[in-house]
Amino acid sequence: MPDGRPIPAPGHNAVDFEQRVDFARLRDYRLARARASLDAGECGAFLLFDFYNIRYTTQTWIGGALGDKMTRYALLTRDGEPMLWDFGSAAKHHQLYSPWLEPENCRAGMLGLRGAISPEAGLMRAAVTQIKDLLTQAGVADSPVGVDIVEPPFLFEMQRQGLTVVDAQQAMLDAREIKSSDEITLLSQAAAMVDGVYQDIVEALKPGVRENEIVALANKRLYEMGSDQVEAINAVSGERCNPHPHNFSDRLIRPGDQAFFDIIQSFNGYRTCYYRTFSVGSATDVQRGAYRQAREWMDAAIEAVKPGIGTDDVARVWPAATEFGFSDEMAAFGLQFGHGLGLGLHERPIISRLNSLADPVEIKPGMVFALETYCPATDGFSAARIEEEVVVTDSGVEVLTKFPAQDLFVANPY
């Protein structure tokens, strides 16, 4: 942004009096990044089943029950336009409402719904035959085909028909690594939605409220504000805080509980992962101490992030697993943690002592990722959990997550 202005979180409507997200520009950017990644490697085409990669290259989306059933797929050849096979009448919908795709490239497809239709029915065989013919027409049938994720019977059928299959997921994650200004604005808008939900949560966070009621409240508010997918909400309170269960229950919240929440949702596809910790009514000294420590680890991580450093430099500011009660880094994975945000919840870079010390990734301007810290309290059951979403700039970072988190927030104090 010019003159040091903050990253905007504009209104969600399209208007004539402000420049907001330019969706045509966003679509062009994403397809160009995917093409560049394809052209940089050995593949003649990418065949994509990961629904985030499908959205990135075709600018289409089906969520809910059909988004993850491995029946949607897209084909991108070196010189061709994106081709999409979608669930039944969705293909006709794209022909009517997605003019950036060639109508003849939007086709109905069905492979088996994760094996519910047996491979013996021949749907996969017919699909691979069609794909191979399209690759032949494009002149790339003899080049490797990059596939991101795949059901084993489909992979076996590709191999049986003589196609060489290699990994495309690494190339697509490379493409998605650097966010455009439109992507960053969408991530900022998504974070602003969660800012508001946390205000609702602290007003509702009183003894007698159940964790699942907070989850219901958050879902309702997010969908009212325009979320296109509430992927998950963790609600963890009282004795459930340590160890962190990464879920929610029907537990009744009690006076003096520590409680933390994670809101994972998307606006126009772009995700949030946004923890906040509260105490209910009052807080003990050990709860405040755990929170101060989690905040110190967070501030040290944010301070460390600069373009050109490695993710190992960030991971080193966090404690080793054995320093906060775990036997090794695998057992503590996800507690002192960073992960890229975009169309997917876990994009590049992944920052953790488990992987970053041995295999660091360079931090670059335009990356967007979440940083998470966790500190168990000395009472043996309370714990603090903080998460901030950051955009890497030429000089450091800008924080997208605005709900107050510098000090432990006591909700509805007595």
Side-chain angles (χ1 to χ4, degrees), residues 190-225 227 230-265 272-298 324-326 334-337 370 372-389 401-414:
M193 295 161 67
V194 182
D195 295 340
V197 170
Y198 273 124
Q199 185 63 45
D200 294 331
I201 287 175
V202 297
E203 292 172 8
L205 195 56
K206 301 174 183 177
V209 172
R210 297 177 187 270
E211 291 175 0
N212 57 289
E213 290 181 84
I214 301 296
V215 172
L217 178 155
N219 272 268
K220 178 178 183 292
R221 289 295 294 122
L222 288 165
Y223 282 121
E224 287 173 343
M225 285 190 278
S227 178
V230 181
E231 185 172 348
I233 295 176
N234 289 336
V236 183
S237 64
E239 67 278 1
R240 296 184 69 244
C241 291
N242 180 14
H244 184 357
H246 298 279
N247 61 10
F248 68 89
S249 77
D250 61 348
R251 181 184 181 275
L252 281 166
I253 290 169
R254 305 183 71 185
D257 276 352
Q258 205 159 31
F260 54 77
F261 306 89
D262 187 16
I263 298 179
I264 303 168
Q265 62 97 27
T272 63
C273 190
Y274 186 165
Y275 270 100
R276 285 295 184 263
T277 296
F278 309 101
S279 284
V280 182
S282 62
T284 65
D285 289 343
V286 296
Q287 289 171 342
R288 293 184 186 278
Y291 194 90
R292 280 194 299 271
Q293 181 62 83
R295 188 70 237 183
E296 287 175 11
W297 291 334
M298 175 61 67
F324 63 103
F326 289 85
L335 298 181
Q336 322 298 345
F337 181 45
E372 310 183 26
T373 60
Y374 173 87
C375 185
T378 57
D379 62 14
F381 58 88
S382 300
R385 182 70 153 154
I386 307 172
E387 185 167 21
E388 306 285 16
E389 299 173 11
T401 38
K402 302 296 188 183
F403 197 86
Q406 202 60 40
D407 299 301
L408 180 60
F409 193 120
V410 178
N412 298 297
Y414 296 117

Set out, in order, the CA-CA distance, both residues' side-chain angles and the distance that settles side-chain contact (heavy atoms from CB on, under 4.5 Å) for Val197 and Met225, then state yes or no. CA-CA 10 Å; Val197 170; Met225 285 190 278; 3.4 Å; yes

Run the numbers on His246 and Leu335 for side-chain contact (heavy atoms from CB on, under 4.5 Å), then give the verdict. CA-CA 10 Å; His246 298 279; Leu335 298 181; 4.1 Å; yes

Using the salt bridge (charged side-chain N to carboxylate O under 4.0 Å, His left out) rule, take Arg251 and Asp257 through it: C-alpha gap first, then chi angles, then the decisive distance, then the call. CA-CA 11 Å; Arg251 181 184 181 275; Asp257 276 352; 2.7 Å; yes

Does the pair Phe324 and Gln293 meet the rule for a side-chain contact (heavy atoms from CB on, under 4.5 Å), with working shown? CA-CA 11 Å; Phe324 63 103; Gln293 181 62 83; over 6 Å; no

Worked verdict on Ile263 versus Ile201 for side-chain contact (heavy atoms from CB on, under 4.5 Å): CA-CA 11 Å; Ile263 298 179; Ile201 287 175; 4.1 Å; yes

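Heavy-atom minimum distance, Val236 versus Pro245: CG1-CD, 3.7 Å. Minimum heavy-atom separation, Cys375 to Trp297: CB-CZ3, 3.7 Å. Val209 and Ala204 make their closest contact through CG2-O, 3.3 Å (heavy atoms, listed as atom of the first residue, atom of the second, distance). The two residues Glu203 and Gln199 have their closest heavy-atom pair at OE2-NE2, 3.0 Å. Closest non-hydrogen pair, Asn242 versus Pro376, comes out as ND2-CB, 3.5 Å. When all heavy atoms of Ala384 and Tyr291 are compared, the pair lying nearest together is CB-CA, 3.6 Å.
Under the salt bridge (Lys or Arg N to Asp or Glu O under 4.0 Å) criterion, Glu213 pairs with no residue at all, not counting sequence neighbours. When the side chain to side chain contact (heavy atoms under 4.5 Å, CB included) test is applied to Ala235, the partners found at least two apart in sequence or on another chain are Glu211, Val215, Phe248, Phe261. Qualifying salt bridge (Lys or Arg N to Asp or Glu O under 4.0 Å) partners for Glu231, counting only residues two or more places apart in sequence or in other chains: Arg271.
Once rounded to the nearest 0.5 Å, the distance linking OG1 of Thr373 with CD of Gln336 reads 6.0 Å. Considering CD of Gln258 and CD of Glu239, their distance stands at 12.5 Å, rounded to 0.5 Å. Here the CG atom belonging to Asn247 is positioned 13.0 Å from the CD1 atom belonging to Ile233, to the nearest 0.5 angstrom. Interatomic distance, CD of Gln265 versus OG1 of Thr272, reported as 4.0 Å (0.5 Å rounding). Asn212 CG to Asp250 CG: the interatomic distance, rounded to the nearest 0.5 Å, is 5.5 Å.
Under a 3.5 Å cut-off, the side chain of Glu372 and the backbone N or O of Phe337 do not form any donor-acceptor pair.
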Give every donor-acceptor pair under 3.5 Å between a side-chain atom in residues 283-290 and any protein atom, sequence neighbours left out.
| unit_1 | atom_1 | unit_2 | atom_2 | d |
| --- | --- | --- | --- | --- |
| Thr284 | OG1 | Gln287 | N | 3.2 |
| Gln287 | OE1 | Thr284 | N | 3.0 |
| Gln287 | NE2 | Gly256 | O | 3.1 |
| Gln287 | NE2 | Ser382 | OG | 3.3 |

Would you list the atom pairs, donor with acceptor, under 3.5 Å between side chains in residues 404-414 and any protein atom, with sequence neighbours excluded?
| unit_1 | atom_1 | unit_2 | atom_2 | d |
| --- | --- | --- | --- | --- |
| Gln406 | NE2 | Asp299 | OD2 | 2.9 |
| Asn412 | ND2 | Val202 | O | 2.9 |
| Asn412 | ND2 | Leu205 | O | 2.9 |

Indicate every side-chain donor-acceptor pair of residues 273-280 with a distance under 3.5 Å to a residue at least two apart or in another chain.
| unit_1 | atom_1 | unit_2 | atom_2 | d |
| --- | --- | --- | --- | --- |
| Tyr274 | OH | Asp195 | OD1 | 2.5 |
| Tyr274 | OH | Lys402 | N | 3.3 |
| Tyr274 | OH | Phe403 | N | 2.9 |
| Tyr275 | OH | Asn234 | ND2 | 3.1 |
| Tyr275 | OH | His244 | NE2 | 2.7 |
| Arg276 | NE | Phe403 | O | 2.9 |
| Arg276 | NH1 | Glu387 | O | 2.7 |
| Arg276 | NH2 | Glu388 | OE1 | 3.0 |
| Arg276 | NH2 | Phe403 | O | 2.9 |
| Thr277 | OG1 | Arg385 | N | 2.8 |
| Thr277 | OG1 | Arg385 | O | 2.5 |

